[in-house]
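Letters go in sequence order (proteins before strands), and every chain restarts at 1. Scope of the values below: all heavy atoms of this structure, side chains included, with no hydrogens, waters or symmetry mates.
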Amino acid sequence: MRWPSRRIGLLVGGAFLALFIVVPFIGLHVPWVLPGTLDIVNSTGTLEVLALCFMFAGVAVGYDMMFGYTGLMSLGPVLFFATGTYVFDIALTRWEWALLPALLLTLGVSLALAVVLGAVALRVHGIAFAMVTLAFAQAFYFLVESNPHNLTAGDTGLSLSYTRLPSFLSGAVSNTRNLYWIALAFLVIAYAVVWLVTESVTGRVFVAIRENERRLDVLGVRPFRFKLVSFVVSSLIATGGGVVYILVIGTAVPSVVASTTVTLSILIMVVLGGAGTRWGAVVGAMVYVYLQQYLDKVGAEPSFTRLPAVLRVPLSEPQFLLGAIFVLFVLFAPGGIASLVVRHRSRRALGAPALSSLIRKV
Amino acid sequence: MNIFLVLTFSGVALGAIYFLAASGLSLIYGLMDVLNFAHGLFMTLGAYAGYEVATRLPSSLGAPTLIVLAIIGATLGGGLAAGITELVLIRPLYGKPISQILITIGLDLAVVGLLMGGFGSTALQIPVPLWLIEPTHIGGVFIPNANFLAIGGGAVVLLGLEWFLSRTRYGIIIRAGVENREMVRALGIDVGRAFTLVFVIGGAMAGLAGILYTIVFTGDLVSPSQGDSLLIFAFIVVVIGGLGSIRGSAVAALVVALLQEYTSFYIGGHSGWAQIGDLSTVLLLAVVLELRPRGLFGRVA
Amino acid sequence: MTNAIEINDLHVTIAGSHILQGVSLIVPSGGVTAILGRNGVGKTTTLRAILGLVASSGQIKVFDHEVSSWPTHRIVRLGIGYVPEDRDVFSGLTVEENLRLAESGAEVQYDEVFSLFPELKKRGRQRAGTLSGGQQQMLSIARALLNNRPLLLVDEPSKGLAPKIVGEFAGVLERAAEHSTVLLVEQNLSVVKRLAQRIVVLDHGEVVHRGEARDLDDPTLVRQLLGVTGAA
């Protein structure tokens, strides 16, 4: 099978986008696709699940730019995701700011954090970088949990106050479709940003860094600032995801939005879909979030509880199934879903001549 | 002063557990470049193995015998789990360090999920002898006896590990491999066996850490994700101590644990920042990395 | 058995750079074969490919075994002693521990090694990292000679050492070559002339010359192949 041309990719992506845009108007009943009460396509529950899918897909594609393209295995994306949920939530709920200032503050805080923490963490390489980012994210988690000045509400969780939000976003059920479109718009924006960056000269330097950072040093390019750009842009996208999350879900609980589990989920989504492919990360995230929700619901079905314990126990634990699926992928399809759909696609590596011509452009 | 002494004992006990968890992590990383996310799982599995031993054997054996058997069971259980992990999941991925990390993440997720399904997410209680609950009177304060168990366990393992690494052929292979794996191969040595061995040793220490943590700090309760919360601190200890260094892990484990105990009591107790102790360990990590990016005892690459 | 090593169309690519581009060479049993060439032409990579330390494509035969898919330790156990480019002694281990690690099988010749390098016996308890460059090279060579291997791969033993020490090592290798086959990578032409019978010259990942060591007496050829004058 040939790698489909860019045009085919664009067509497929465009078709899905068009479909997802009109989903809220489709009242079809589709049994089995989503179990329980979610089998009606435009029910509130379904739209919420899909909104979560889009939100994580956007965050995942941002992470893919840093991990898949630049080769930086940060274990700290949750820090920026949680920055998005908490700063936005606190500004709206505790300080009663309006939507726009709250959003700007959130992005500003995230930008500052990303630049400072990125600059510190990027002093070390490889696994040490992964550990340092993990530790920073964990510090943020401890901070959120300890509820400083009663800002975050700690383990109880901080609910978003909708009073300061425009009416089309307030928590009413009828507005779910607006939130759904916002989540979809976030995914489109995140994808577009990542597409623009990775297709530019900067993006090609990212790939060169992943392939062989030392050689760039030899050629006189300082990889540091490129890595920082990758880290910061990816972090801002994660923050955007956090904002969308709190709008859709309405409550921020540390163990759900700030713990390492979120980081690992994002990492798994990207690898599951296929790191370094962009669309793979989107597919991986959608599949992951969908499965998570689906398995959770299936496990509670009455037909399920009649199974013998040997089957019922593992099959009713989404975490077990997702972990096991992931293990199988890492072992047998390390290129993720993308590599199953499109075989024999060589990762974009740069040979020496391409690299030196690239360096002249930089 | 009295409280200081109590905090010190409990800090050293916590440090001993961090050391048990971190030294295996550090050796595995040093030798194989594998950042083992399943290490928390090995701790948890150790604790569950201990629980199974302590509750399934006839109670007529007596609580002291049972707890000793439970500790042995936890150590063996952790080692066994780690050995199987290395052979089945890590070995096929040699030469792909990122995939190795990813697979340990997946394994941790899957098995913790399985534990939640099998044992329920509520904690289970390990029966312990009365002696472990009672305190000993030292210098005007009462120190829980469980602290001594952890400190003793940590010390014995530290000495044993030092002996193993400096006196036995496999120990020398491991030390040499941490320095330069390729050259060990070029001497005709099958490093793969050392990999499995290091995993087994690391897993056994993690299993021991898991049950000691349960006995000393969680009120004898075992829960599916307890290892994962310890893992974060083990990572911090490993980075501060220097990847691949046993002595570094030992020193860093003590420093981190004592800092955590002191700050959470002296600062957290007053200002209401309950997590300040945990937070301080990360700040320490940032400071150490700023001053010595390779950690306290890190090898020069 | 006529040839110790036969390499055919060997290619190595490291991080996108095509380092070896179809190297073919034969190392006959006995004596010293030297690989020469400028810095970065792939001499060290050739040795590392033989040992399976870098991924390669093409054929590599060691003592008539096709080893290109074997793990390093199995190749080495065919009877190879390796002296790597930068000594690569284990600096955190003592001299004794370094040697102990190199032991393989029962025929360990500590007496011979210590008679060649009495210094190492004296410094048994010293950490290898605290040895001088020359002493580290002694240890590295001692490690390769300890087991009486039929094939020695020696990578630039003279690098960074004083001429007097270089002469000493050349003498040791000369004696080793009496009963082992030696494949030597070396830039120091006087060492090559003293030890080698056959030479192979690499340039840009390819073999550009195969011949006798006496070819190096021709200054034009030397300049053409190595870009240096033959007066070493």
Side-chain angles (χ1 to χ4, degrees), chain A residues 67 71 73 75 117 120-121 123-128 130-132 134-150 154 255 259-261 263-265 267-268 271-272 275 299 309 312-332 334, chain B residues 29 33-35 37 88-89 92-93 96-119 224-225 228-229 231-233 235-236 238-240 243 268 271-286 289-290 293-295 298 301:
Chain A
F67 172 67
M73 185 156 143
L75 294 180
L117 296 183
V120 173
R123 284 166 49 91
V124 290
H125 300 263
I127 301 299
M131 287 202 184
V132 173
L134 178 72
F136 282 149
Q138 199 62 24
F140 194 82
Y141 172 69
F142 294 141
L143 195 67
V144 169
E145 252 203 333
S146 60
N147 190 18
H149 302 286
N150 270 330
S255 60
S259 74
T260 311
T261 317
T263 291
L264 298 183
S265 306
L267 182 60
I268 290 173
V271 175
L272 200 61
R312 194 191 65 236
V313 168
L315 291 181
S316 60
E317 278 299 328
Q319 192 180 329
F320 165 73
L321 288 170
L322 285 167
I325 290 170
F326 182 64
V327 164
L328 292 176
F329 260 92
V330 173
L331 278 178
F332 302 112
Chain B
Y29 179 80
D33 291 339
V34 176
L35 183 57
F37 269 87
V88 177
L89 297 179
L93 298 171
K96 299 181 192 163
I98 297 287
S99 296
Q100 289 176 328
I101 296 172
L102 295 174
I103 208 155
T104 61
I105 292 175
L107 176 73
D108 182 65
L109 207 64
V111 181
V112 169
L114 210 54
L115 287 174
M116 286 197 282
F119 289 92
S225 53
D228 290 337
S229 49
L231 184 66
I232 297 289
F233 296 105
F235 277 151
I236 292 173
V238 169
V239 178
I240 290 180
L243 295 159
S271 66
W273 279 49
Q275 309 291 329
I276 190 76
D278 298 347
L279 201 58
S280 68
T281 63
V282 183
L283 294 178
L284 177 68
L285 171 74
L289 278 174
E290 216 33 48
R294 291 187 192 288

Next item on the list: Calculate, to the nearest 0.5 Å, the distance between atoms CG and CZ belonging to A/Leu134 and B/Phe235 respectively.
Entry: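 Answer for the CG-CZ pair, A/Leu134 versus B/Phe235, is 6.5 Å.
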
Looking at [X] and [Y], what are the two nearest heavy atoms and their distance?
X        : Y        : answer
A/Ala135 : B/Ile236 : CB-CG1, 4.4 Å
B/Ile98  : A/Met73  : CD1-SD, 3.8 Å
B/Ser99  : A/Val330 : O-CG1, 3.5 Å

Margin query: Could you check whether any side-chain heavy atom of A/Gln319 comes within less than 4.5 Å of a side-chain heavy atom of B/Val112, counting everything from C-beta outward?
Written below: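 Yes; the side chains approach each other to less than 4.5 Å.
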
Next item on the list: Decide yes or no for A/Leu331 and B/Pro92: does some side-chain heavy atom of the first lie under 4.5 Å from some side-chain heavy atom of the second?
Entry: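 With C-beta onward as the side chain, the pair touches.
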
Distance-only donor-acceptor pairs under 3.5 Å for side chains of residues 101-111 of chain B, two or more places apart:
from, atom 1, to, atom 2, distance (Å)
B/Thr104, OG1, B/Phe37, N, 3.1
B/Thr104, OG1, B/Ile101, O, 2.6

Margin query: Quick check on the interface: out of A/Phe326, A/Phe320, A/Phe136, who has the most heavy-atom pairs with chain B under 4.5 Å?
Written below: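 The option with the most such pairs is A/Phe320.
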
Check: In terms of heavy-atom pairs under 4.5 Å with chain B, which of A/Leu264, A/Leu322, A/Leu328 leads?
Finding: A/Leu264

Side chain from CB out, backbone as N, CA, C, O: work out which of these in [X] comes under 4.5 Å of a heavy atom of chain B, or both, or neither.
X        : value
A/Leu272 : neither
A/Ile325 : neither
A/Phe332 : neither
A/Val271 : side chain

Of the backbone (N, CA, C, O) and the side chain (C-beta and beyond), which part of [X] lies under 4.5 Å from a heavy atom of chain A, both, or neither?
X        : answer
B/Leu89  : both
B/Leu285 : side chain
B/Leu279 : both

Donor-acceptor pairs are to be reported for all side-chain atoms of residues 137-145 of chain A against protein atoms at under 3.5 Å, with residues two or more places apart or in another chain.
from, atom 1, to, atom 2, distance (Å)
A/Gln138, OE1, A/Thr260, OG1, 3.0
A/Tyr141, OH, A/Glu145, OE2, 3.4

Checklist line | When B/Ile232, B/Leu289, B/Val239 are compared by non-hydrogen pairs under 4.5 Å with chain A, the top option | finding: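 Of the options given, most contacts go to B/Ile232.
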
